[in-house]
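In what follows, every heavy atom counts, from backbone to side chain, and hydrogens, waters and symmetry copies are set aside. Positions are given from 1 along the sequence. This structure is a prediction, so every number in the text was calculated from the model and none was measured.
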Amino acid sequence: MKILHTSDWHIGRTLYGRKRYAEFETFLSWLVEIIQREEVDVLLVAGDVFDTATPSNASQALYYRFLCRIAASCCRHVVVVAGNHDSPSFLNAPRELLKALDVHVVGSVPERLNDEVLVLKNENGTPELIVCAVPYLRDRDIRLVEAGESIEDKERKLIEGIRNHYSEVVAIAVQKRDELMKQQRKLVRLAKQTIPIVAMGHLFTAGGQTVEGDGVRELYVGSLAHVSAGIFPDSLDYLALGHLHVPQKVGGSEVRRYSGSPLPMGFGEARQQKSVVIVEFVDHKDHGTQSIESHQAKITLVPVPVFQLLERVKGDWKAISSRILELSATESDVWLEVIFEGDEMQKNLRERLDAVIAGSKLEVLRVKNTRIIDCVLNRIHDEETLDDMNVNDVFERCLTAHNVSNKQRPELVQAYKEVVMSLYEDERAHK
């Protein structure tokens with residue numbers, strides 16, 4: 001059987017004000033074609049289906065049209081778990097209706113952990129796969145808050161909470177597999193067929209690779225460097241993760257992976273090869289017997305085509321203008337981010353860029369004049385916008401403006417990050 005693992009679609013995301021619905025639609029159409037071509041049996045979407053907790057009508061239309069197309073394809077099951085950008089209640093709302101299309105949605109941690117363990121059956125009604133559909137685990141899902149906790153106490157509880165959640169869910173899956181295997185042995189005495197167990201998740205593991213400007217938020221504040229790959233049980237045949245946008249292995253394992261985002265979320269990802277993962281389970285037979293003891297996962301990365309060219313152009317004016325003229329000569333339809341790093345001042349940089357791209361298909365979506373920023377040191381200049389900073393940068397500027405000592409900063413920054421994360425989580429929980 002074949003599984004396709006993808007994540008982090010972020011449908012509805014804009015790039016410096018530009019809507020990207022055409023890209024999302026083209027990607028989803030391409031994904032349907034890949035599923036048909038590769039004869040995929042199960043599709044796993046490991047979180048961040050949408051970019052916001054309140055997706056637009058256009059975003060919702062793309063999502064539901066895609067699910068209808070998949071229901072009419074060779075793919076027998078779709079499993080969707082929520083990411084930190086998704087609204088659990090929004091994803092869960094049509095859950096019962098989507099079951100009729102064999103689309104299984106887990107938007108939040110259910111009251112019964114059994115409901116996170118899905119037994120998927122083939123066209124003959126025979127169990128063929130067990131999926132531990134773990135959504136994004138919010139702070140309140142995995143630890144109890146106690147007065148007077150230190151930062152170390154919070155980090156320890158977070159790690160233990162994540163580890164325990166996966167341990168309990170996978171234990172349920174193993175128990176279900178053992179029960180199903182006993183039933184199969186009664187029906188077919190000679191065959192000993194195992195059922196693969198796959199787990200899903202949306203989190204940040206230690207050593208995970210990110211790139212500047214990808215919009216990936218810290219999830220378990222303060223503990224990122226300590227959430228190791230060892231939290232996942234060894235009994236898993238494959239681990240399908242979401243959250244990090246760079247396609248990568250987890251802890252060097254071929255069968256523990258982030259699929260990465262299918263579209264570049266920012267200019268920092270412009271030259272990154274995007275992909276989806278196809279996992280094919282092949283029976284491993286014990287020679288000389290008819291028993292099938294285990295499944296080996298064959299991993300294939302399928303490159304995702306570039307649907308909209310992005311390029312970051314850096315340097316002094318000569319380097320920037322030369323590169324833009326090269327792109328213009330090829331009649332390329334490219335969205336540009338321009339970062340000026342020359343020594344000379346360029347107060348009318350935007351006007352000069354507009355003159356260079358005039359008559360071409362190029363569009364400059366963002367201009368960053370580092371020379372001007374350097375000149376004003378830590379003050380925000382008129383040409384530096386909030387797009388140049390994240391929420392943590394703004395707080396750091398505030399601490400500097402109020403002359404907060406270096407001794408006080410770590411605890412204040414930690415408290416601020418926890419407040420911001422709780423706001424993100426509360427916003428999604430109530431939408």
Practice task
Test side-chain contact (heavy atoms from CB on, under 4.5 Å) on Trp30 and Val302 and set out the steps.
Solution key: CA-CA 11 Å; Trp30 173 85; Val302 181; 3.9 Å; yes
Handout entry: Chi angles and distances behind the side-chain contact (heavy atoms from CB on, under 4.5 Å) call for Cys132, Ile197
Key = CA-CA 7 Å; Cys132 300; Ile197 297 177; 4.1 Å; yes
Practice task
For residues Leu365 and Arg18, determine if any side-chain heavy atom of one lies less than 4.5 Å from a side-chain heavy atom of the other.
Solution key: yes
Handout entry: Test applied, side-chain contact (heavy atoms from CB on, under 4.5 Å); reference residue, His85; option that passes from Asp51, Thr52, Val49
Key = Asp51
Practice task
Output the distance between atom CG (Leu239) and atom OG1 (Thr205), rounded to the nearest 0.5 Å.
Solution key: 8.5 Å
Exercise for the section: Check the pair Glu179 / Lys182 against salt bridge (Lys or Arg N to Asp or Glu O under 4.0 Å), numbers first and verdict last. Expected result: CA-CA 5 Å; Glu179 292 171 356; Lys182 287 180 182 178; over 6 Å; no
Exercise for the section: Run the numbers on Glu311 and Arg271 for side-chain contact (heavy atoms from CB on, under 4.5 Å), then give the verdict. Expected result: CA-CA 8 Å; Glu311 182 162 339; Arg271 297 192 176 185; 4.2 Å; yes
Practice task
Please determine, by modelled atom types, if Ser59 and Arg13 share a side-chain donor-acceptor pair under 3.5 angstrom.
Solution key: no
Exercise for the section: Return yes if some donor-acceptor pair links the side-chain N/O of Thr14 with the main-chain N/O of Tyr16 below 3.5 Å, else return no. Expected result: no
Fill in the blank from the handout: Here the gap from Glu337 atom CD to Leu310 atom CG, rounded to the nearest 0.5 Å, amounts to 9.5 Å
Fill in the blank from the handout: Here the pair of heavy atoms bringing Trp335 nearest to Leu15 is CE3-CD2, 4.1 Å
Practice task
For Asp234, look at atom CG and say whether over 12 heavy atoms of other residues, nucleotides or ligands are found less than 6.0 Å away.
Solution key: no
Handout entry: Ser228 side-chain N/O to Gly230 backbone N/O, donor-acceptor pair under 3.5 Å
Key = yes
Problem - Side chain Asn164, main chain Glu160, donor-acceptor under 3.5 Å - result: yes
Handout entry: Contact check, side chains of Ile195 and Leu180, non-hydrogen atoms, under 4.5 Å
Key = yes
Fill in the blank from the handout: Here the gap from Leu43 atom CG to Asp102 atom CG, rounded to the nearest 0.5 Å, amounts to 12.5 Å
Problem - Val103 side chain near Leu97 side chain, heavy-atom distance below 4.5 Å - result: no
Practice task
Classify the side-chain pair His245/Tyr258 by whether it contains a donor and acceptor separated by less than 3.5 Å.
Solution key: no
Handout entry: SB check Glu39 Lys2 (cutoff 4.0 Å)
Key = no
Practice task
Could you tell me whether the side chain of Val119 reaches within less than 4.5 Å of the side chain of Lys176, counting heavy atoms only?
Solution key: yes
Handout entry: pair Ser328-Leu362: side-chain heavy atoms closer than 4.5 Å
Key = yes
Problem - Side chain proximity check, Glu128 to His77, heavy atoms < 4.5 angstrom - result: yes
Handout entry: Closest approach of Gly47 to His202 (non-hydrogen atoms, all atoms of both residues)
Key = CA-ND1, 3.6 Å
Exercise for the section: Say whether, by atom type as modelled, one donor and one acceptor occur between the side chain of Thr26 and the main chain of Ala22 under 3.5 angstrom. Expected result: yes
Exercise for the section: Would you please say whether a donor-acceptor pair under 3.5 Å links the side chains of Ser259 and Ser7? Expected result: yes
Problem - Other residues, nucleotides, ligands: >12 heavy atoms within 6.0 Å of Arg409 CZ - result: yes
Handout entry: Thr126 side, atom OG1; Leu120 side, atom CG - distance, nearest 0.5 Å
Key = 13.0 Å
Handout entry: Test item: Asn122 side-chain N/O and Asn124 main-chain N/O as donor-acceptor pair under 3.5 Å
Key = yes
Handout entry: For Pro303 against Gln273, the heavy-atom pair lying closest together
Key = CB-NE2, 3.4 Å
Handout entry: Residues Ser56 and Tyr21: side-chain donor-acceptor under 3.5 angstrom
Key = yes
Handout entry: Any donor-acceptor N/O pair, Asn92 side chain to Gly107 backbone, under 3.5 Å
Key = yes
Handout entry: Flag, side chain of Asp8 to backbone of Asp48, donor-acceptor distance under 3.5 Å
Key = no
Practice task
Kindly indicate whether the side chain of Leu4, heavy atoms from C-beta on, has any atom under 4.5 Å from the side chain of Val42.
Solution key: no
Problem - ring pair (Phe, Tyr, Trp, His ring centres under 6.0 Å) assessment of His5 paired with Tyr238 - result: CA-CA 10 Å; His5 165 206; Tyr238 183 76; 5.7 Å; yes
Handout entry: Full working for side-chain contact (heavy atoms from CB on, under 4.5 Å) between Trp9 and Leu263
Key = CA-CA 7 Å; Trp9 295 350; Leu263 301 182; over 6 Å; no
Practice task
Give a yes or no answer on whether the side chain of Thr330 reaches the backbone of Leu327 with a donor-acceptor pair at less than 3.5 Å.
Solution key: yes
Exercise for the section: Give the ring-plane orientation class for Tyr63 versus Phe50, where under 30° counts as parallel, over 60° as perpendicular and anything between as tilted. Expected result: perpendicular
Practice task
Look at the side chain of Asp115 and the backbone N and O of Pro110, then say whether any donor-acceptor pair between them is shorter than 3.5 Å.
Solution key: no
Practice task
Taking Glu123 for its side chain and Arg76 for its backbone only, find out whether a donor-acceptor pair lies under 3.5 Å.
Solution key: no
Handout entry: Nearest heavy-atom neighbours spanning Pro233 and Arg256
Key = O-NH2, 3.0 Å
Handout entry: Nearest-0.5 Å distance, CG of residue Leu101 to OH of residue Tyr64
Key = 11.0 Å
Handout entry: Taking every non-hydrogen atom, the tightest pair across Val169 and Glu116
Key = CG2-OE1, 3.4 Å
Practice task
Ignoring hydrogens and angles, state whether a donor on the side chain of Ser29 or Arg69 is under 3.5 Å from an acceptor on the partner side chain.
Solution key: yes
Exercise for the section: Indicate yes or no: at least one non-hydrogen side-chain atom of Phe281 is less than 4.5 angstrom from one of Leu129. Expected result: yes
Practice task
Say whether Gln296 and Lys298, considering side chains only, have a donor N or O and an acceptor N or O under 3.5 Å apart.
Solution key: no
Exercise for the section: State, to 0.1 Å, how close Gln36 and Ser73 come at their nearest heavy-atom pair, and which atoms those are. Expected result: NE2-CB, 3.6 Å
Handout entry: Glu331 atom CD: more than 12 heavy-atom contacts under 6.0 Å
Key = no
Handout entry: Distance-only polar pair, side chains of Ser261 and Glu269, donor-acceptor under 3.5 Å
Key = yes
Handout entry: Between CD on residue Glu23 and CG on residue Leu28, distance to nearest 0.5 Å
Key = 11.5 Å
